[in-house]
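Order of listing sets the numbers, starting from 1, for every ligand and every atom in it. Below, all heavy atoms of this structure are taken into account, side chains as well, without hydrogens, waters or symmetry copies.
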Amino acid sequence: VIWLGQPEHSVITTCAYCGVGCGFKAEMKGTQVVRMVPWKDGKANEGHSCVKGRFAWGYATHQDRITKPMIRASIQDPWQEVSWEVALNHAASEFRRIQAKHGKDSIGGITSSRCTNEETYLVQKLIRAAFGNNNVDTCARVCHSPTGYGLGQTLGTSAGTQTFKSVEKADVIMVIGANPSEAHPVFASRMKRRLREGAKLIVVDPRRIDLVKSPHIQAAHHLQLKPGTNVAVITALAHVIVTEGLVNEAYVAERCDPKSFNQWREFVARPENSPEALEAASGVPAAELRGAARLYATGASDGTAAVTRRPNAAIYYGLGVTEHSQGSTMVMGIANLAMATGNVGREGVGVNPLRGQNNVQGSCDMGSFPHELPGYRHISDSTVRGQFEAAWGVTLNPEPGLRIPNMFDAALSGSFKALYCEGEDIVQSDPNTKHVAAAMMAMECVVVQDIFLNETAKYAHVFLPGSSFLEKDGTFTNAERRISRVRKVMPPLAGYADWEVTQKLAQALGYPMDYKNPEEIMAEIAALTPTFAGVSYEKIERLGSVQWPCNEHTEEAGTPIMHVDKFVRGKGRFIITQYVPTDEKVTRKFPLLLTTGRILSQYNVGAQTRRTPNNQWHSEDRLEIHPHDAEERGIKDDDWVGIASRAGDTVLRATVTERVQPGVVYTTFHFPESGANVITTDNSDWATNCPEYKVTAVQVMPVQQP
Ligand code: SF4
């Protein structure tokens, strides 16, 4: 830690990293941050923090920051610094030229979960009102879009059911496809405290993550499944609950739709859905599946704790659930299990998606999907559309636009020609890099708005310098629907905050946008979005934060627990979850399965954390390989290895470890040098196109140091 001097004043703001959304006190000397101190009154963190929020903020003033707008005629040309006016007018005239030549739908935009609610709202407004189409998407497409779909279908709203504090009342905790110790550390500490107090733990993960066995914590069941078989596991658990009489019949009768429940009960009870029948597919012993199901439903693995006092059983899940070809199916399978056992609607239970980036929840809430206006209302709904048309003074297109992968495909087929990309490094973060890069090169105009010249900017024609979280005002919404303020502690290095840049681009396109500040944008969001009705800066200022919904029917600070008396959709709806094996098969040529994840000190594509002291703890992506597979290939710890899939190949160093099971390898995706997404494929979730990052058939061989 470097001593930067005695602070003179402080500003309360919100961490720029994960979906926990910790509150911080930025301690300042003039306009320089000298320290980030976790905020004691922050409801999400209660004075705690992790190495990212505490130490990894220096990227904001890193020498790599780009602070001048730039343009170039082609991606082979050098960048040329220009004024804001020239850059924005150039971008606007290119967008209009391309639309005149190739049609209104030939352009679109992508926003990021790193942007504030206000910024995201403006991007989707710009695209709908000024571009005149619905070709807007967000990086939630590649992480939690199945959560949006799956929870919407079953419970009626696309959000986690609980406040973080709720875990303190859980008796049984099931963690599925999430590694909170690395990705959501402050919430992980809270969960571990509850586990040390005696709550029972079930971990569903192909890797032996630290939760499985750490000081004073031992999972009762580690369902170490084969990558890609989540739905087989959740269906087997449901089979046990239904066939062993563990359904909470009173809850289901009162709260759920009987027709869908009866169909689901009949389906999961079939012999082909038993743990014994699905043991071979999932790789999880039937006895473990039976024990875990009984523990979740009754509080005891042998089922002897007859259902006299049902435990509070909570499910927490992450991208190991969503990033699969059956991601949405699995989310619905989780909701089925929670409803069948009566584990939704009170403290200590629930269905809790752990959101990766700080504003994934908010970016989805703000209507940055091509089929939805803010508040998850379908664009085809003429009543809702009419409200926005009246407020925005335009006629909106009722047809859903292109999702991110559809934009790439359309670019390659010649119908999509220009992109506005704010705060998202799609070339590093999206799957099958070769495919993405080819699509970017096929476009006539790419406008990137970011703080660094990232991998995506290599394909850009216009670069608009963005602002870090320290340079802007606005709000983030965390994984528990908590809306917190992010506050400006220093002026934007490039002169404008991101919302101002989007507004100026709209003006250059001839669409009138004239907000004085982000508070005015929030007032418009609250007026047009039922889930945000009642949200205001004044209320957040007074209460510290609020959890949506927070309107006249709720407590003033909002709703810590959802679906208390009834589900948002009315009756909870069960959905049949038929396990369908992924198309990504191992073969003699590609005999191992690669799965990907994150590490504590780094964040996402690493653009921020790699430029901070956190880089000293983890300065490269490594490939974890089981000793058996390593020995078979003559690979030792620290050796360089080549890894190849049907999509591409790359080189990185090996860590030989039993954290992974034989047949499975694992890596992170924080470094462009190793570029894990060169390997991942175009397979995606059937409902949302969320990429199947978690399952790629690969071969691994030793290579010389590159
Ligand atoms: Fe909190 Fe997440 Fe930031 Fe860590 S990265 S301080 S857990 S919000």
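With salt bridges taken as basic N to acidic carboxylate O contacts below 4.0 Å, none links E480 and K165. Between D210 and R659 there is no salt bridge, since none of the side-chain N atoms of the basic residue sits less than 4.0 Å from a carboxylate O of the acidic one. A salt bridge does not link E500 with K472: every distance from a Lys NZ or Arg NE/NH1/NH2 to an Asp or Glu carboxylate oxygen is 4.0 Å or more. Using a cut-off of 4.0 Å between Lys/Arg side-chain N and Asp/Glu carboxylate O, E323 and K694 are scored as salt-bridged.
Annotation: ring pair (Phe, Tyr, Trp, His ring centres under 6.0 Å) contacts involving residues 181-210, sequence neighbours excluded, comprise F164-F187, F187-Y316.
Under 4.0 angstrom from ligand 1, there are no non-hydrogen atoms of Y603.
Here C139 contributes atom SG and R114 contributes atom CZ; the two are 7.0 Å apart, rounded to the nearest 0.5 Å.
At least one heavy atom of F24 sits closer than 4.0 Å to an atom of ligand 1.
S484 and S545 form no side-chain donor-acceptor contact under 3.5 Å, judged by distance and modelled atom types alone.
For atom 4 (Fe) of ligand 1, protein N/O/S neighbours under 2.8 Å (waters excluded) are C50 SG.
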